[in-house]
Amino acid sequence: ECSLENAFVDYYFEVTRQKLPVENKTEEILDYLLMYNSLNLTSLLRYAKERGIRKEIESLFSNIKILKKEGDNNEQK
């Protein structure tokens, strides 16, 4: 099945293993996808686990601007 979640995980895998000759913009892309699309994070993490990179994707989440903003809002309540 082709989905944004699978496409992002595949992109991340290829870029971080230097199999795609492009600049690594995974954080910016994930930030954009979270802001303008409804990503299913459970599906994304499930597919990342299948690819063997779930921990890498989870650590990437800690650098994402939109997730940091949501965390800040939750702490203020």
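Along the sequence shown, residues carry numbers from 1.
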Legend entry - CG-OG distance between Leu4 and Ser38, expressed to the nearest 0.5 angstrom: 8.5 Å
Inset, instruction - Could you tell me whether a side-chain N or O of Asn40 sits under 3.5 Å from a main-chain N or O of Thr42, the two making a donor and an acceptor? - result: yes
If you look only at distance, which donor and acceptor atoms sit under 3.5 Å apart when one is on a side chain in residues 50-57 and the other is two or more places apart or in another chain?
unit_1, atom_1, unit_2, atom_2, d
Arg51, NH1, Asp10, OD1, 2.4
Arg54, NE, Glu58, OE2, 2.9
Arg54, NH2, Glu58, OE2, 3.4
Glu56, OE1, Tyr12, OH, 3.0
Glu56, OE1, Arg17, NH1, 3.1
Glu56, OE2, Arg17, NH2, 2.7

Inset, instruction - Search all heavy atoms of Phe13 against all heavy atoms of Lys19 and return the closest pair with its distance. - result: CE2-NZ, 4.2 Å
Inset, instruction - Any chance you could measure Leu30, atom CG, to Leu44, atom CG, to the nearest 0.5 Å? - result: 7.0 Å
Inset, instruction - Take Leu45 and Phe61, measure what side-chain contact (heavy atoms from CB on, under 4.5 Å) needs, and give me the verdict at the end. - result: CA-CA 11 Å; Leu45 289 171; Phe61 287 156; 3.7 Å; yes
Inset, instruction - Please name the pair of heavy atoms, one in Ser59 and one in Ser62, separated by the smallest distance, quoted to 0.1 Å. - result: O-OG, 2.6 Å
Inset, instruction - Report yes if the side chains of Phe8 and Thr26 come closer than 4.5 Å at any heavy-atom pair, otherwise no. - result: yes
